[in-house]
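Structure record follows, encoded as structure tokens.
Just so it is clear, the structure is predicted and the values come from calculations on it, not from any experiment. All values below come from the heavy atoms of this structure, side chains included, with hydrogens, waters and symmetry mates left out.
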Amino acid sequence: QIRHDLLLRVGARLLAEREEIGRLLSREEGKTLAEGVAEVSRAGQIFQFFAGECLRPGGQLLPSVRPSVDIEITREPVGVIGLITPWNFPIAIPAWKLAPALAWGNCVVIKPADIVPGCVHALVRILHEEGCPPGVVNLVMGRGSEVGQALVDHPAVSAISFTGSEGVGRRLIANLSRGFQQRTGIAQAIIHEPSVIILDEPTTGLDPGQNLEIRKLIRSLGREHAVILSTHILSEVEACCDRVQIIHKGRLVLNDSIE
């Protein structure tokens, strides 16, 4: 109940201050003001959702082949979780990571991207102002190669949640496989290869459905991986990319060449 009340208050604060924090987000990260305010609103809704999850602990009861034996599966906090977040959604992704970690009783150390620390600083400030106990939510800032690596290597950290570039993700997994997995027995990762979107005609020449597909691709890839180019340099792009997504004459071609 205490965790529920805290997360609910934090969500309400984010919604109440979305204009101010949204302006900070837009000035720091570069989104339009409308996008910045919308992202802060989404972060507030995420905290409100996971406030409700605090009161709905999950578990399973399974049948046993042995008489007088009950099998119950419950979930417990893992301990201290290191959260490393990217620049392209500087408050939504931290909210996606922080809220569930806190809802299920973990402590966290969060490191935002070093070029956009302001939104996470505002979020952590609100958490403490709303009564988060000392030491439960901790903010560290700095270069990922230094601060992020120290977080991964620290013996008190029981889990890592990382969202960022494919190259850094692979290096992180390599480090986890040597030390972290031996310490915790946990090592899971989802790595997406970078992609390039190539347009051979202006988006204004496409119909609304095609424009929607383009916007969905850019949002799903993240701004650091969604690059809009002209097809006259297609051969150079194909030479350096493992996977190219091409929109050719209004069609999305999921291969490495234009038909």
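- Pairs passing the salt bridge (charged side-chain N to carboxylate O under 4.0 Å, His left out) check and including a residue from residues 44-58, sequence neighbours excluded, read E53-R56.
- Among pairs with a residue in residues 96-124, those fulfilling salt bridge (charged side-chain N to carboxylate O under 4.0 Å, His left out) read D114-R143, at least two apart in sequence or across chains.
- Distance CG/L14 to CD1/I126: 4.5 Å, rounded to 0.5 Å.
- Residues in residues 71-88 take part in no salt bridge (charged side-chain N to carboxylate O under 4.0 Å, His left out) pair, two or more places apart or across chains.
- Among residues at least two apart or in separate chains, side chain to side chain donor-acceptor pair (under 3.5 Å) pairs with a member in residues 116-127 are R125-E129.
- Judged purely by atom type and a 3.5 angstrom limit, E20 has no side-chain atom pairing as donor or acceptor with the backbone of E17.
- Closest approach of V147 to G142, counting heavy atoms only: CG2-CA, 3.6 Å.
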Item checked: Working for side-chain contact (heavy atoms from CB on, under 4.5 Å), residues L123 and F47 -> CA-CA 11 Å; L123 177 55; F47 270 88; 3.8 Å; yes
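- Linking ILVMFWY residues whenever their side-chain heavy atoms come closer than 4.5 Å, directly or via other members, leaves V37 and L25 in distinct clusters.
- The cluster map of Ile, Leu, Val, Met, Phe, Trp and Tyr, joined by side-chain heavy atoms under 4.5 Å apart, puts L8 and V136 in different clusters.
- Classification of the F89-W96 ring pair by plane angle, with boundaries at 30° and 60°, yields tilted.
- For C54, the side-chain contact (heavy atoms from CB on, under 4.5 Å) partners at least two apart in sequence or on another chain are R3, H4, L7, A103.
- L127 and L15 are not part of a single hydrophobic cluster, where members link through side-chain heavy atoms under 4.5 Å apart.
- Listed by chain and number, the residues in a side chain to side chain donor-acceptor pair (under 3.5 Å) with N138 amount to none (sequence neighbours excluded).
- When all heavy atoms are compared, the tightest approach of L139 to M141 is CD2-CE, 3.4 Å.
- Summarising the geometry of A113 relative to W87, their closest heavy-atom pair is CB-N, 3.7 Å, with the distance given to 0.1 Å.
- The two atoms that bring I46 and A92 nearest to each other are CD1-O, 4.0 Å, heavy atoms only.
- Considering CG of L98 and CD1 of I110, their distance stands at 4.0 Å, rounded to 0.5 Å.
- Applying the salt bridge (charged side-chain N to carboxylate O under 4.0 Å, His left out) test to E130 and every residue at least two apart in sequence or in another chain returns R9, R13.
- For the residue pair I91 and A43, the shortest heavy atom distance occurs at O-CB, 3.9 Å.
- Among residues two or more places apart in sequence or in another chain, the salt bridge (charged side-chain N to carboxylate O under 4.0 Å, His left out) test is passed with R66 by none.
- Taking every heavy atom of both residues into account, P94 and V120 meet most closely at CG-CG2, 3.5 Å.
- Grouping Ile, Leu, Val, Met, Phe, Trp and Tyr by side-chain contacts under 4.5 Å, direct or through others, puts I71 with L62, I73.
- A distance of 10.0 Å separates CD1 in I21 from OG in S41, rounded to the nearest 0.5 Å.
- Residues V137 and I93 are members of one and the same hydrophobic cluster, defined by side-chain heavy-atom contacts under 4.5 angstrom among Ile, Leu, Val, Met, Phe, Trp and Tyr.
- Grouped with L24 in a hydrophobic cluster is no other residue, since no side-chain heavy-atom contact under 4.5 Å to another Ile, Leu, Val, Met, Phe, Trp or Tyr is found.
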Checklist line | Residues V10, L6; criterion side-chain contact (heavy atoms from CB on, under 4.5 Å); working and verdict | finding: CA-CA 6 Å; V10 171; L6 171 63; 4.1 Å; yes
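- Residues that satisfy the side-chain contact (heavy atoms from CB on, under 4.5 Å) test with V80, not counting sequence neighbours, are C107, V109, V157.
- For residues 39-50, the salt bridge (charged side-chain N to carboxylate O under 4.0 Å, His left out) pairs, not counting sequence neighbours, are K31-E39.
- Between the CG atom of L33 and the CD atom of E19 there is a distance of 6.5 Å, given to the nearest 0.5 Å.
- With hydrogens and angles disregarded, no donor-acceptor distance shorter than 3.5 Å links the side chain of T163 to the backbone of T85.
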